Structures are given as structure tokens and as C-alpha cells.
Protein chains: 4
Amino acid sequence: MIKAAILGATGYAGAELMRILSSHPEASIVYPASHSYAGKKFSDIYPGMRGICDMVLREDDISAAADAADVIFLSLPAGLASSLVTPEILSKSVVIDLGADFRLHDRSVYEEWYHTEHHSPELLEEAVYGLPEIHRSELKGRRLIANPGCYTTCSILTLFPLLKNGLIGKNGIIIDAKSGTSGAGRSEKLSSLFCEVNESIKPYGVATHRHTPEIEQELSLAAGESIVLQFTPHLVPMNRGILSVCYAHLEDGVTESDVAEAYSMYSGEPFVRIIEGLPETRFVKGTNLADISYRIDKRTGNIIAMGAIDNLVKGAAGQAVQNMNAVFGLDETEGLVMGAGCPL
Amino acid sequence: MIKAAILGATGYAGAELMRILSSHPEASIVYPASHSYAGKKFSDIYPGMRGICDMVLREDDISAAADAADVIFLSLPAGLASSLVTPEILSKSVVIDLGADFRLHDRSVYEEWYHTEHHSPELLEEAVYGLPEIHRSELKGRRLIANPGCYTTCSILTLFPLLKNGLIGKNGIIIDAKSGTSGAGRSEKLSSLFCEVNESIKPYGVATHRHTPEIEQELSLAAGESIVLQFTPHLVPMNRGILSVCYAHLEDGVTESDVAEAYSMYSGEPFVRIIEGLPETRFVKGTNLADISYRIDKRTGNIIAMGAIDNLVKGAAGQAVQNMNAVFGLDETEGLVMGAGCPL
Amino acid sequence: MIKAAILGATGYAGAELMRILSSHPEASIVYPASHSYAGKKFSDIYPGMRGICDMVLREDDISAAADAADVIFLSLPAGLASSLVTPEILSKSVVIDLGADFRLHDRSVYEEWYHTEHHSPELLEEAVYGLPEIHRSELKGRRLIANPGCYTTCSILTLFPLLKNGLIGKNGIIIDAKSGTSGAGRSEKLSSLFCEVNESIKPYGVATHRHTPEIEQELSLAAGESIVLQFTPHLVPMNRGILSVCYAHLEDGVTESDVAEAYSMYSGEPFVRIIEGLPETRFVKGTNLADISYRIDKRTGNIIAMGAIDNLVKGAAGQAVQNMNAVFGLDETEGLVMGAGCPL
Amino acid sequence: MIKAAILGATGYAGAELMRILSSHPEASIVYPASHSYAGKKFSDIYPGMRGICDMVLREDDISAAADAADVIFLSLPAGLASSLVTPEILSKSVVIDLGADFRLHDRSVYEEWYHTEHHSPELLEEAVYGLPEIHRSELKGRRLIANPGCYTTCSILTLFPLLKNGLIGKNGIIIDAKSGTSGAGRSEKLSSLFCEVNESIKPYGVATHRHTPEIEQELSLAAGESIVLQFTPHLVPMNRGILSVCYAHLEDGVTESDVAEAYSMYSGEPFVRIIEGLPETRFVKGTNLADISYRIDKRTGNIIAMGAIDNLVKGAAGQAVQNMNAVFGLDETEGLVMGAGCPL
């Protein structure tokens with residue numbers, strides 16, 4: 001059994017991780033921690049887990065976690081992980097960070113978009129960007145995994161094959177993305193109140209959202225050159241789900257079958273479904289799946305590529321477990337529910 | 001492996017059953033059927049199940065189902081099951097009926113509340129009312145199981161201990177229940193449209209709802225005498241969940257600890273949680289759990305007993321699988337997810 | 001024109017009052033105030049009102065308000081109004097308090113349920129309980145109006161005719177009420193977050209909710225003797241609306257037409273509709289209307305009386321304006337929109 | 001008083017029109033009609049209007065309507081209006097068509113996108129595209145008004161100033177639009193059921209939605225040359241609202257103040273608000289307002305222009321009344337509520 005620690009276990013992503021790990025056949029939680037609720041039972045904070053996980057929450061102490069666990073999941077505010085992770089910690093435990101601190105290879109890009117100092121730039125090289133569909137070969141046996149963001153997972157998976165195969169123009173890419181409200185986290189702020197979110201949709205972070213450089217980094221890798229793109233997130237009145245609708249200009253002569261062939265890179269993937277219909281977030285809700293589809297518009301010469309995931313699962317906790325499975329040599333699907341209930 | 005057939009696989013309860021059985025370690029679906037969608041793939045109707053269950057739907061042919069399967073689940077409109085089930089069918093397969101046809105022991109009560117003839121009254125005696133927490137001892141090896149309704153499961157579990165132990169008055173019981181919209185089914189009717197349900201709450205079926213006699217039957221059993229009660233259902237703008245808030249007058253001298261002791265009848269139950277806080281449907285969403293709590297009001301002399309379940313799981317498909325497990329001698333929890341994600 | 005001040009203008013009830021008064025033909029806002037947002041424009045806090053009400057918010061200074069205005073609306077936390085209102089203030093302005101401080105005639109009942117001292121018990125006698133359908137004759141020319149609560153308005157209007165006419169038993173009355181989330185206010189608390197409210201229903205304040213004594217006070221008045229009843233509120237995932245479902249035992253010999261006659265007390269009321277169907281909160285959303293209906297159940301001998309209002313309008317701001325209209329001798333409907341859009 | 005007829009009064013747009021006209025100070029409904037509900041009271045179909053509009057619905061007879069009314073509003077399925085409107089009808093009544101039949105000047109474009117024959121192409125020249133902010137000068141005294149679509153109103157208002165002033169590239173414009181569910185109408189279809197819409201977001205009509213040529217027609221007018229653009233609509237789990245997020249490349253040298261100046265074309269408009277913050281549909285819900293904002297992204301060279309309206313008001317019934325006001329020489333704001341309640 002893999003012994004797991006979770007720091008930040010009572011945020012929405014951390015709690016989803018607790019739930020998934022509670023029924024994982026090859027892992028067990030040994031150190032659940034929460035700065036806000038240390039000393040309380042996890043199931044007092046998440047009563048849905050009463051009887052399933054009644055463990056008492058510990059302090060967010062990474063050293064104690066490293067002593068106790070084979071793998072430490074971090075689900076912490078930006079900037080905190082980079083000050084906690086050290087070579088010594090990594091010598092004891094694998095660290096899978098659900099936050100942003102180790103996702104961007106370039107420290108200056110991180111500091112520019114996050115407006116904060118990076119506390120352990122020397123570890124950036126060791127970190128693997130944990131999107132198994134793209135970086136699987138780098139995962140096995142690694143010690144520091146940067147678990148991708150929710151918008152980014154969805155957007156990168158959707159666009160990667162097109163750029164990798166040179167099917168679309170590298171300029172002018174636009175990603176119009178939509179998120180359920182759990183993406184805003186569990187903190188007590190006015191803009192997250194039911195009556196401020198319900199019955200409305202809004203864009204936010206226009207031209208400034210922090211997931212932009214992360215998407216650009218990975219798509220630049222696909223394209224083999226630097227990609228600059230437009231990314232716009234929206235808040236949708238639902239609990240979960242990310243929908244990324246991506247617009248790009250098809251290169252001359254590219255055919256429908258070229259596109260289909262590009263997406264066939266996912267044909268062996270357990271968690272990616274290339275679908276004929278259009279994606280709807282409800283069809284991946286509660287699962288680690290990504291549904292991807294596309295349409296070519298001959299009038300405009302554009303391709304519209306669309307992806308959907310559950311932001312707390314494939315966009316956070318589920319992918320973190322998929323990464324753990326990969327790092328420890330398990331089947332990547334272990335412990336990850338497959339089909340989506342509907343309605344859920 | 002238990003071979004399972006499902007007739008009515010594309011209604012919400014049937015589809016949830018398909019989902020649960022798809023990942024059940026001891027059962028496999030051999031005959032999925034749908035009158036409306038025969039010939040199509042299940043995952044074309046429920047795209048959330050693409051790649052997980054792509055079986056082609058058959059016609060709702062109970063004979064063919066009985067030839068193929070060890071257990072047949074029926075999720076059909078009222079009145080249909082009683083015309084399909086015969087001794088011959090039962091000699092080949094266990095039948096678990098998610099509908100109402102075999103729930104009421106008294107044919108005349110059925111015909112009065114359902115305004116339709118019962119087509120196989122001779123089978124009523126063979127049927128077991130499939131609420132394992134109450135009728136477990138009768139389940140093993142039986143051939144015809146009447147799976148309880150959603151409101152009824154929740155209401156009976158909540159009130160049973162109080163009546164069984166004579167703690168409350170037998171007159172004047174009131175059940176004010178609330179349901180998510182999936183309880184109204186998947187048929188295309190005006191009253192189920194998003195814009196007719198969203199941002200509103202309404203009572204319906206006041207004094208006339210068909211789950212009333214079913215609740216009365218089981219609570220009369222608990223009380224040892226005939227119970228007549230008030231039951232009022234409501235429609236709530238959410239996908240899933242049943243909340244039953246039950247009001248009764250405490251008998252003289254009954255103490256808090258008498259009540260606690262009565263509810264201790266559930267102490268070994270895997271799916272019933274007696275909780276200190278008040279139940280919320282989200283804490284059982286997607287699970288087969290029932291959360292039950294109560295408050296005694298000294299001002300009024302009343303007890304307010306409250307229960308919450310997921311109408312499609314403990315109120316339908318999950319309980320059906322729990323019944324299958326019990327009938328076939330498996331652990332009742334087999335294949336049934338335990339903790340509730342939150343938010344889900 | 002009536003000059004109006006509003007203290008607490010940026011809570012949900014206060015803001016609704018701002019909106020209604022902004023288009024009131026006989027009133028104008030002269031002193032909008034908010035402790036939290038003093039110095040900001042109202043429309044910066046409520047952007048829906050940009051261009052319609054861009055007034056700068058003042059401090060919550062009741063003396064300044066009294067100097068400027070003919071009527072002061074108070075929408076403040078419990079306990080604050082009773083420390084602000086004085087005979088001097090009342091000599092300058094009419095005060096309409098949307099809070100609870102002047103609703104209960106008996107100071108000790110207030111202090112027991114609100115766990116706080118009442119700061120101006122000498123004014124309790126001067127206060128009128130501002131439910132115009134019941135206390136209209138007392139309103140005209142009065143200086144201190146206690147605007148009823150949301151649950152209470154709905155519950156009292158629904159049950160008053162039955163008790164006034166002695167049609168139901170005075171013991172055993174049960175009110176099972178449901179509220180939209182705006183009833184929980186605009187403060188930043190975990191339990192009001194979208195992801196904590198959405199897709200769930202829950203009871204709260206069981207046997208302890210503060211609206212209980214207020215309902216009992218007014219229904220005791222109707223009954224001519226002291227009424228003790230059971231009141232249970234619930235939180236519903238929708239922005240607005242109150243539904244009160246009230247259970248009582250009909251007295252022997254009471255007929256359907258006795259009940260109809262009792263409810264005919266509302267026949268001239270502009271804001272009460274006795275309807276044949278069952279109430280749904282959406283049909284009164286955004287209006288000052290109360291929809292009331294009832295069913296008699298011969299099996300149980302009960303009457304189920306049901307009422308629906310919009311908690312922010314008839315349950316707060318709309319009723320406050322109705323009271324202002326009555327006090328100042330205007331038509332009670334002035335400035336109050338009538339029909340409900342659907343879907344809204 | 002302007003006498004008004006409404007054909008198709010019980011769809012969502014028709015019903016909203018009924019509500020607005022019921023309180024319009026200069027108009028009265030004389031002929032409310034509904035094919036589906038002829039003979040019933042309007043308030044039986046829309047109980048929110050009980051006591052406010054209890055008129056009996058007539059058959060959808062345009063001749064009878066023309067005899068009775070000064071203005072006929074048509075809210076009918078595509079293709080029906082063009083077969084009903086004749087010069088004779090127009091000689092008796094002004095016709096304001098909320099459908100698509102008279103919006104496109106080019107019959108062949110209509111027939112290509114709507115896959116149906118146009119039954120009165122000779123009237124296309126007489127029709128005015130009823131977007132008052134753009135075509136006000138053509139409205140007064142006209143007999144046939146094509147009321148714009150919901151997505152189109154929002155998208156055109158948002159982009160018009162940029163194209164009119166040559167500030168953006170004419171190629172590569174992308175409109176990613178989102179709509180509340182009332183936009184799908186009141187017909188009983190599976191995809192509009194609560195449980196199929198709730199807790200999900202989906203794109204639909206990608207590259208094929210019928211509002212595309214309507215947007216292109218008006219923006220081509222603005223640009224002075226033919227515009228081809230990408231339009232993608234989405235379904236959002238909320239009752240009302242349209243959000244159009246529009247992407248375009250800024251022409252070289254265009255400054256923030258050029259853009260501000262372009263949008264100043266709306267400075268005298270009663271229903272358009274150029275806002276500093278980002279639009280949210282809740283801030284225009286229930287009103288005839290359009291909120292518009294923009295951001296310039298120096299990294300990409302793009303402008304992101306965003307608009308929000310209520311699809312049933314500015315996107316349908318409210319704009320129809322605004323058009324009626326304009327045609328009959330009234331103040332355009334007559335009868336149209338201004339500020340948005342929040343939460344609503």
C-alpha cells in the first residue's frame with residue numbers, strides 16, 4: 001500500500017483527493033492535514049464522508065508528512081508549496097503539488113504572472129509537468145510532480161494534437177473557457193456566495209488569468225516554437241466542470257482526416273474520449289475523463305476544438321491520483337471511477 | 001458473476017442501475033433493454049458512459065431476459081411489471097422490480113391509489129418488500145423483490161424505529177418530503193422543463209401521492225396497528241435527493257435516550273448513518289447512504305425526525321443492487337460507492 | 001414626494017428597497033446609507049442599478065437621516081435598531097424597521113429568542129406590526145412600524161383566517177417552510193457559498209428559529225388564545241421565495257365552504273391571491289404578492305394550507321413600501337410591480 | 001392608448017411581452033392569441049399573472065388581430081410569419097415580428113440557413129431591422145419591424161462601434177456567446193428538461209447557428225464590406241441572459257481612447273451602459289438594458305469586447321416594446337423597467 005499524506009485536505013480539491021484515496025485499492029491515507037481544521041475529524045468538515053473517513057486532521061507539517069508517507073499531495077495557496085518543498089523532503093517522499101508553484105519552467109514567468117517570489121527555483125528542473133497524456137514517459141520514478149491546473153489540463157489536451165501536427169496557425173489562437181464554481185475554491189468571499197453566482201454567467205480575469213502562461217508553455221512545446229494566445233475564463237452557475245472552446249485557423253490544405261489522425265494520438269488513453277457529438281460537462285462530471293470534439297467551419301476556415309473535464313477530478317484530484325499511479329508503477333486507472341452518472 | 005438484465009435501462013433509475021452494475025465486481029450486464037431506444041447503444045443515450053458501457057439496447061422482452069439472466073431488474077411504468085412477471089419468469093430469474101406493482105400487499109389498496117388493475121395479484125404474496133434494513137431476513141433466496149420507492153425508503157427508515165418502539169403517537173404523523181427533479185423521470189413534459197422547475201419550489205400531489213399507502217403499510221407493520229398519516233411531497237430545483245421531515249407527538253415520558261436507543265437498531269447498518277447534525281441531501285448525493293437525525297422540541301412535545309437519501313441510489317438503483325447482493329448472498333455493500341463528494 | 005432614508009441599503013433587503021423606491025412615483029431616496037460601503041456609489045455595489053441609482057452611500061447615521069427624511073427604513077442586524085430609535089427620531093421621521101426589534105410585543109420573549117437585550121422596550125407599545133392585511137387600521141399616521149419577517153408574513157397570512165374563524169385545532173399546528181438563499185443575507189459565510197448550497201436542501205434552526213414566536217404572537221391574536229406551534233425552516237437552492245406548508249387538524253364539522261369563506265377575508269386585498277392550484281414560488285417572484293391555497297384531506301382530517309411569497313419583496317422590501325404607502329395615505333400598491341414574469 | 005395584439009402569447013417571449021404590455025402606460029392588449037391554448041385564460045397558463053391579466057386567449061388569427069389592433073406582435077415559429085403578413089394586414093396594423101422571417105434582407109440567405117421557403121419576399125424591403133440603437137431613424141412610422149434575435153442584439157451592439165470606426169480587422173472575428181435556457185423556448189423536448197440542462201454547460205449549433213448571418217448582415221453594414229465571422233452559442237443552466245464575448249484583432253495604432261470614443265456612440269442611449277467592470281448577465285436580468293465592456297490585450301493585440309442582455313427582454317419582448325414606442329412616437333423607455341434587482 002502506498003502511504004499518502006495530504007496537506008490542504010479540506011479545500012475542494014483536497015477533499016476530493018481524500019475521497020478518491022479513501023477507496024483506492026493500493027493507497028491509504030496516513031497523514032491528512034489542514035491548517036484551518038487541524039484537530040477536527042475530516043468527516044466533521046465533510047459530513048458526506050462520515051463513516052468512510054473519520055480521521056483526525058493534522059497540522060500542515062510537511063516534515064511530519066514526509067516521515068509518515070510515501071507520497072505527499074499539496075493543495076495549498078500559490079507560493080506556499082515552493083517554500084515547503086526541499087531536497088530533503090523529496091528524498092523521503094514523492095511530492096505531487098496540485099498548486100502552480102512548479103508548473104512553469106521559467107521562474108520569471110511565474111513571478112510575473114503570480115506577483116510573488118519563487119522560493120525554490122532550483123527545484124524547477126526536477127519537476128515534471130504531470131499531464132500523463134503528454135508527459136507519461138517522464139513520470140515514472142520521479143520525485144516532484146507539478147499537477148496541472150484545471151483550465152490548462154482541458155485546454156492543452158484539446159489543442160495539443162493540432163499544434164503538434166502543425167495543422168493550425170500558431171497565431172490567433174483563442175480559448176474561451178468556462179468553469180463551475182468549485183474552481184473558485186471554498187474561501188468565504190462575496191463573489192462566491194450562492195446569490196452572487198446563481199442565475200448568471202460572467203467572464204473574469206480577461207487577458208490576465210494565471211493559467212495563460214501554463215497553457216502557452218505546453219502548447220509551445222507541441223508547436224516547437226513560442227505560442228502566445230488569448231485565454232478567457234468564465235464562471236458558470238454549476239458546481240463542477242470545465243469546458244474549453246478553442247478557436248484556431250486551419251492551415252491551408254488540412255483535411256478532416258488530418259485532424260482525425262492527429263487526435264488519434266489519444267486512442268490508447270484510458271481517460272480521453274474523442275467524441276462525435278459536442279462535449280457537455282455533465283458527461284464527465286465526477287470522473288477523470290476528458291471528452292474532446294471538433295468542428296471545421298469551411299466558411300471561416302477555422303477549426304473549433306472543444307474539450308470538457310471535471311475541474312476537481314481530471315482538473316485536480318483525479319489527475320493527481322493518476323500521476324501517483326504512474327509514478328509508482330500502478331495502472332493509471334486504479335482507484336478512478338470511470339463512467340459519469342446522469343443526471344448527477 | 002451474476003448475469004443481469006435491465007428492462008427500462010434508459011430512464012434515470014435504469015441508467016443509474018446500468019452505471020452501478022457496470023462497475024460491480026460480481027455482476028455483469030447481459031441484457032440491457034429499452035423500449036424507446038432498442039437498437040441503439042446505451043452510451044449514445046447516456047454519453048457519460050461512452051467507453052464504459054457501449055452495449056446495444058435490446059427490446060423490453062422479459063422472456064428473452066429471463067433466458068439470458070440470473071436477475072432481471074424492471075424499471076417500467078406502473079402497471080406494466082405486473083403484466084410481465086409470471087411464475088415461469090420467476091422460475092428462471094430473480095426479478096427486482098423498481099416500480100410499484102409488487103410493493104403493496106393489498107391489491108385493492110394498489111388499485112385505489114394507482115387507478116389501474118393489478119395483473120398478477122397471485123404473486124403479491126411471493127413478493128418481498130425490499131428494504132433490507134427492515135426485511136433483510138426475508139430476502140435471501142427470494143425470487144420477487146419489490147424495490148421500495150424513493151420517498152418511501154427515506155420516510156420509512158426515518159420513522160420506523162420510533163413506531164417500532166412505541167415512542168410516538170400513532171395519529172397525527174406528518175411527513176413533509178422534498179425531492180430533486182430526477183424523481184419526475186425523463187419524460188418530455190412541460191412541468192419538467194428547466195425553466196419551469198428552476199428557481200422555484202412547489203408542493204404537489206397533496207393528500208393524493210401514491211407513496212402514501214406504501215409508507216403506511218410499512219409503518220403499520222412497525223406499529224402493530226394501522227397507521228394513517230399525512231404525506232406531502234415537493235419538487236426542489238436540484239437533480240437528486242430526498243429529504244423527509246417527519247413530525248410526530250412524543251408519547252408521555254419518552255426521553256432523548258429512549259429515542260437514541262430506538263435508532264440504535266441501525267448501528268450495524270452499512271448504509272444508515274445516525275448523525276448529530278441535520279441532514280442535507282448533498283451529503284448522500286451519489287451514494288446509497290441514508291442520513292437520519294432528530295430533534296425533540298420540549299415546547300411542543302413533538303419529535304422532528306429527518307432523513308436524507310439520493311433518490312436514484314438508495315431510493316432506486318442502489319437499493320436494487322443492495323437487494324440483489326442480499327438475495328444472492330453477497331456482501332450488501334458490493335459495488336456501491338460509499339462516501340459523498342462535495343460539492344458534487 | 002415622500003423623502004426616504006435607508007439605513008443598511010446594501011444588504012439584499014435594503015438593496016431591493018433601493019430598487020423599488022427608485023421607481024416609486026411618490027417617494028424619492030434622500031439618504032441612502034451603508035456602514036460597510038459609505039462613500040461608495042450604490043451602483044458600484046449593485047451594478048444592476050448603474051444609471052438608475054448612482055447616489056453616494058452615507059454613514060448609517062440615524063440623526064442625519066431623521067433630519068433629511070420623512071421616513072427612515074432600517075435594515076440592520078438584530079439589536080441595532082432598538083438602540084438607535086428614540087422618541088426624538090420618531091418625532092422627526094416615521095421609522096419602518098425591517099428587522100425584528102419591534103415585532104414582538106413582549107420584551108422577554110424577544111430577549112429569550114434573540115439572546116440579546118432590548119434597548120428601547122418603552123417603544124414596543126408604540127410599534128405597529130406592519131402586516132397590512134391584518135393590521136391595516138392601525139397603520140395610518142403611525143410613527144414606528146415593525147415590518148414582519150419573511151417566513152412570518154407567509155405563514156401568518158396562510159393560517160390567520162383558519163384560526164380567526166375557529167376552523168382548526170389550536171394544538172398541533174405544524175409549519176414546514178422553505179426559503180430561497182437570499183434569506184440568509186449577503187454576509188460572507190461558508191454556509192452561503194454557491195457550492196455549499198447548490199444541489200442540496202436542508203432543514204435548519206429546527207425547534208429554535210426566531211420567527212417562531214413572531215408567528216405565534218400573531219396567530220394567538222387570531223385565535224384569541226395562546227398558540228404554541230412547530231416551525232421548521234429549510235434552505236432551498238434558489239435565489240428567492242418562501243413557501244409555507246401548514247398542517248392543522250380541522251375542527252369537527254368544518255366544511256370546504258367554511259374554509260373558503262374564511263379565506264374570503266382577503267377578497268379585497270391587492271396583494272393576496274387565493275388560488276385553486278398549488279402555490280409555486282416562481283409565480284410570485286419579484287412581486288409583492290402572496291399566493292395561498294389549501295387542501296382538505298378526509299383520510300386524515302387535516303387541512304394543508306400553503307402560501308408562497310418573495311422573501312425580499314412581500315417578505316421584506318415590498319411590504320415595507322406597502323407599509324409606507326399605508327402610513328402616508330397613498331394607495332398601498334403604489335410603486336409595487338404586480339405580475340410575475342416567468343421564467344424569471 | 002395603442003391597441004396591441006399578440007400572436008404566440010404563451011411562448012416565453014410572448015408571455016414576457018404580455019407582462020410588459022400589461023403595465024405599459026400607453027398601450028393595452030386587445031387581442032392576445034395562442035394556437036395551443038386558445039379559449040383558456042392567459043393567467044391559467046402563466047399563473048404569475050393571475051389578477052393582472054386574466055384575458056381569454058384567442059386563436060392565432062392575424063386578420064382578426066389586424067381588425068382589432070394598432071400593432072400586432074408575432075412570436076411564432078420560423079416560416080409562419082412570412083406566410084401570414086400581407087400588405088393588407090400592414091395597411092391595418094403595424095407588425096412587429098419577434099421571429100426571424102423579416103430580419104435578413106437577402107431571401108436566399110434566409111432560405112439557406114433556415115432550410116425553408118420564404119413566403120413573402122416582396123415584403124423584405126419594407127421591413128426595418130428593429131435595433132433602435134442602429135436603425136432608429138428608419139423606425140418612425142414604419143409598418144413592418146423585424147425584431148432582432150437575442151444573440152444578435154447582444155453581439156451586434158457589442159461589435160458595431162468597433163467595425164463602424166474601422167478599429168478592428170474584418171477577418172477573424174470570433175463571437176463566443178452564452179445563453180440562458182429560456183432561449184430554447186417552452187416546447188417539451190428532452191434537451192430542455194431540468195435534469196438535462198442543470199449542472200452542465202454545452203456548446204451547440206457550432207458553425208451552423210441561424211443567428212450567424214443576421215449578425216454578419218448588420219456588422220457588414222457597419223464595416224462597409226462583407227463580414228464573415230465565427231459564432232458559437234452555448235447553453236447555460238440559468239433561466240435568462242445572453243453573454244457575448246467577442247474577439248477581434250485591433251488594427252495597428254488603435255489606442256484605448258479610440259475605442260472609448262467609438263463606444264461613445266451609445267452615450268445618449270437609455271438602454272446601453274458602457275461599463276468599466278466586466279458584464280454579468282444578472283446585472284441586466286429582467287431589464288431592457290445592454291451592458292458592454294472591453295479589454296485590450298497588448299500581448300496578443302486583441303480586443304475582447306463583451307456584452308450582456310436579458311434574452312427575453314432586450315433580446316425579445318422588451319426590444320419589441322422599445323420598437324413599438326419608437327414607431328408610435330413615444331419615449332422609447334415607456335413601460336420598460338430600468339434597474340435590475342439582485343439577486344433576482
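Per chain, numbering begins at 1; letters A, B, ... match sequence-line order. Predicted model, so just to flag it, every value in this text is computed and none were measured.
- A:Arg50 touches chain B through backbone and side chain together, each having a heavy atom under 4.5 Å away.
- Put simply, the side chain of A:Arg273 gets close to the backbone of B:Gly48: a donor and an acceptor are under 3.5 Å apart.
- With chain A as partner, the option from B:Glu16, B:Glu199, B:Met18 having the largest number of non-hydrogen pairs under 4.5 angstrom is B:Glu199.
- Proximity to chain B (any heavy atom under 4.5 Å) is restricted, for A:Asp291, to the side chain, taken from C-beta onward.
- Looking at A:Asp44, neither its backbone nor its side chain comes within 4.5 Å of chain B, counting heavy atoms on both sides.
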Side chains of residues 336-344 of chain B: which donor-acceptor partners sit under 3.5 Å, not counting sequence neighbours?
none

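- Proximity to chain A (any heavy atom under 4.5 Å) is restricted, for B:Asn198, to the side chain, taken from C-beta onward.
- To the nearest 0.5 Å, the span separating OG1 on A:Thr287 from CE on B:Met49 amounts to 11.0 Å.
- Open room surrounds CD on B:Glu261; 12 or fewer heavy atoms of other groups in view lie less than 6.0 Å from it.
- Side-chain atoms of A:Ile52 and B:Leu289, non-hydrogen and from C-beta on, do get closer than 4.5 Å to each other.
- Using a 4.5 Å cut-off between heavy atoms, B:Glu280 does not touch chain A at all.
- With a 4.5 angstrom heavy-atom cutoff, A:Glu276 does not touch chain B via any of its atoms.
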